[in-house]
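Here is the naming used below: chain letters follow the sequence lines, and residue numbers restart at 1 for every chain.
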Amino acid sequence: MDFTNGLNLQQQQAVMAGLGPVLVLAGPGSGKTRVLTQRIAYLIGSMGVRPYQILAVTFTNKAAREMEHRVVDLLGDMARGVSLGTFHSICARILRREAEHLPFNANFVIFDSDDQVSLVKRALAEFNLDEKIYRPLNVHAAISHAKNELLLPEAFPTTNYREEITQRIYQRYQELLLSNNALDFDDLLLWTAYLLEDNPAVRDRYAHRYEHVLVDEFQDTNLAQYNLLKHLASFYHNIFVVGDTDQSIYRWRGADYRNLLRFEEDYPDTQKIMLEQNYRSTQSILDAAMAIIDRNPYRTPKQLFTDRGQGNKITVFEAYDDRAEADFVITTIATQIARNQALPGDFAIMYRTNAQSRLLEEAFLHANLPYKLVGAQRFYGRREIKDMIAYLRLVHNPNDELSLARVKSVPPRGIGDKTLLNLRTFAQQVDKAPGEVLLGLGQGKQSAYQEAFSGRSGTALTKFGALLYKWSQLAGERSPADLLDQILDDIEYHAYIDDGTDEGNDRWENVMEMRRLAMEYQDKGLSDFLEQIALVSDQDTIEADAKVPTLLTLHAAKGLEFPVVFIVGLNDSVLPHSRSFDDPEEMMEERRLLYVGITRAKDRLYLLYSQNRSMYGYSESAEPSRFLNDLPEEMIDSAQPTRSSRRRSAGLGRVERWPDTQAGSERSAAPIIERRFHPGMRVNHPTWNEGMVLNSRIQDDDEIVDIFFEEVGLKRVAASLARLDILQ
DNA sequence: AGTCATTCCTTTTTT
DNA sequence: AGGAATGACT
């Protein structure tokens, strides 16, 4: 079998590299996923490696699924058994299997970010520390950072008082996690790394099993992940990593692109392969990307090239404010679809911070056009979903106090903070978790417990405990979906959240969506279901074949590509973000972030900034991003500033869905004769009055201009016929 | 115990 | 502007 079909020389070298460590430096769009998957196929198909001796690690479930899909495409059933997953899910699997060596048991739950902060708050409260001075979020960030550096509480550096306090909180935080039989995200990596470090027998078992270890996005690994990989590959040393320092954008999460350099030091016999040819973007887009990234110091310049041709210049658009940015995006998209230049799913709109999505969403909603927003938070962050997850988690693991606290009054059942505090105090006395005491009460056998809880609150607790007991019995024999049904039924949740309003209906719909997700775990069980929920990433919510424009953060955009990309909010203090100003390392990362965004575009790129932007509710004037200065004038098809038209455009009427068009293969080539009109120009028409130019192109010796008129909406005119005046 | 109103605080980025 | 957290009220 040939697994190098259609690959260039460097790609072939990578796919067929011999044994030992291999480092593939892969620029954007250079086909690194392809190399990884073909390599796996090659190992199995041509080298006779057995699938279960291969481990492939990614950062998102989506990437893992895609790789699996592609390997199966190449090999069919032969590919079954490859260990393929994210760092976190692979670690969770190992930790459950090896729980006997660890201070928690196999049905641990994974605490999400909210839980993690709650736990820090609890620790702070125990030490009587002021949350204003010790910000839970900051304290947690410090703890998380330490964990990523493999620092246990004892090793936490304490050069000042504040750090001493942080160390004590960290210590307590870990105790609390264990007493809840819970792990946070960082623990998954930390515990696995120490498990392999401290138990040579366990380490060797895994190291012997995994003859080949392959890693995607290696520049995003932190020290914990790096060590983990080192242990896993400690026997065969067949470690194949793919990465690009220029696309390292997770420094704040402990990622260290220097791991790429460290790799070469740790494995002196590394074979190094560079993939530089880009198969994604036009040369104009690559030129812009290089103009941006070349300003970063301490890097070996890369020459990105393509044979796709020069393509359109990139468009830079200055809007009056962030709202006008959104309007420009909408109208440009509408025009290109109307002109059959693109399909709705071809567009992506990217931004630095999540908060920026709101104006864009409003603009889409206002124009009555569909869109897709990337973000798991959207669904899993909803109250009703968190409620249901908390119930399931509590049933799965009664030690989970945070879920208990969440669930105790959903719906209200006569158990308040006071009662819960009593329960907790009592539980402490008998050295049990509150949930276990509750279960005991529910079984009604341990009369010792019942004496402690008399009266109204005692009845309420006993009743709740009985429910919990019933569910935990059920959990053993029924599927997650059945269990969910029973819980919903018992607590009459439908009546509780659906008050007949639209929002109420939405809430119930969400619960039903959750139920549908649970149905997929019919034979995998509650544990897997909860784990999957805990480890979904925003990227995982991206639909492969979206039929509508996608809104997403620049971070979420990594690894994706779109024919047309808008990057909005290119203003100083947004991108680069103001919190990066005083740290050169962070400024470099902001630059890489823009680089990542630019290199997502295949055909067209729009960079938008505005004169004013709203911050905390009020509007203030803003500076263009300093990064824009690095783009040479000749690369830009500059769009004119819109005049101070603050008015909201009229929208595009009642369009329920994007027109169902086929993108023509006959996309117009770059114009040869002079254009008079450019996107963003304000024009006046004798009958339609004022409007904004969205686009223009040369066709048959005439200039065809698309204009969005404030009064009549979108019109297409020929410049030679319409008597258009350029305003201002 | 639970509901409602007021304050205050926020903005990186996310497994 | 909007959401969470705190605190008064029923």
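Under the 4.0 Å criterion applied to side-chain N and carboxylate O atoms, Arg253(A) and Glu149(A) are not assigned as salt-bridge partners. Taking the charged nitrogens against the carboxylate oxygens, Asp583(A) and Arg251(A) do have a contact shorter than 4.0 Å, which makes a salt bridge.
Nucleic acid contact class of Arg413(A) (heavy atoms, under 4.0 Å, all strands): sugar-phosphate only. Among the atoms of the strands shown, none is found under 4.0 Å from any heavy atom of Ser89(A).
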Could you pull out the protein-nucleic contacts involving nucleotides 6-10 of chain B (nitrogen or oxygen on both sides, under 3.5 Å)?
unit_1	atom_1	unit_2	atom_2	d
dT10(B)	OP1	Arg135(A)	NH1	2.7
dT10(B)	OP1	Arg135(A)	NH2	3.4

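Annotation: cation-pi geometry not satisfied between Arg592(A) and Tyr595(A) (NZ/CZ under 6.0 angstrom from ring centroid, within 45° of ring axis). For Arg626(A) and Phe581(A), the positive end sits near the middle of the six-membered ring, less than 6.0 Å away and at most 45° from its axis.
Phosphate contact (OP1/OP2 of dT15(B), side-chain N/O of Asn148(A), threshold under 4.0 Å): absent. The shortest distance between the side-chain N/O atoms of Thr553(A) and the OP1/OP2 oxygens of dT14(B) is below 4.0 Å. The phosphate of dA5(C) (OP1 or OP2) has a side-chain N or O of Lys121(A) nearer than 4.0 angstrom. Of the side-chain N and O atoms in Thr419(A), one or more sit less than 4.0 angstrom from OP1 or OP2 of dA1(B).
Applying the side-chain contact (heavy atoms from CB on, under 4.5 Å) rule to Leu365(A) yields the partners Tyr371(A); only residues at least two apart in sequence or on another chain are considered.
You'll find that the side chain of His577(A) is closest to dT11(B), out of dT15(B), dT11(B), dT14(B).
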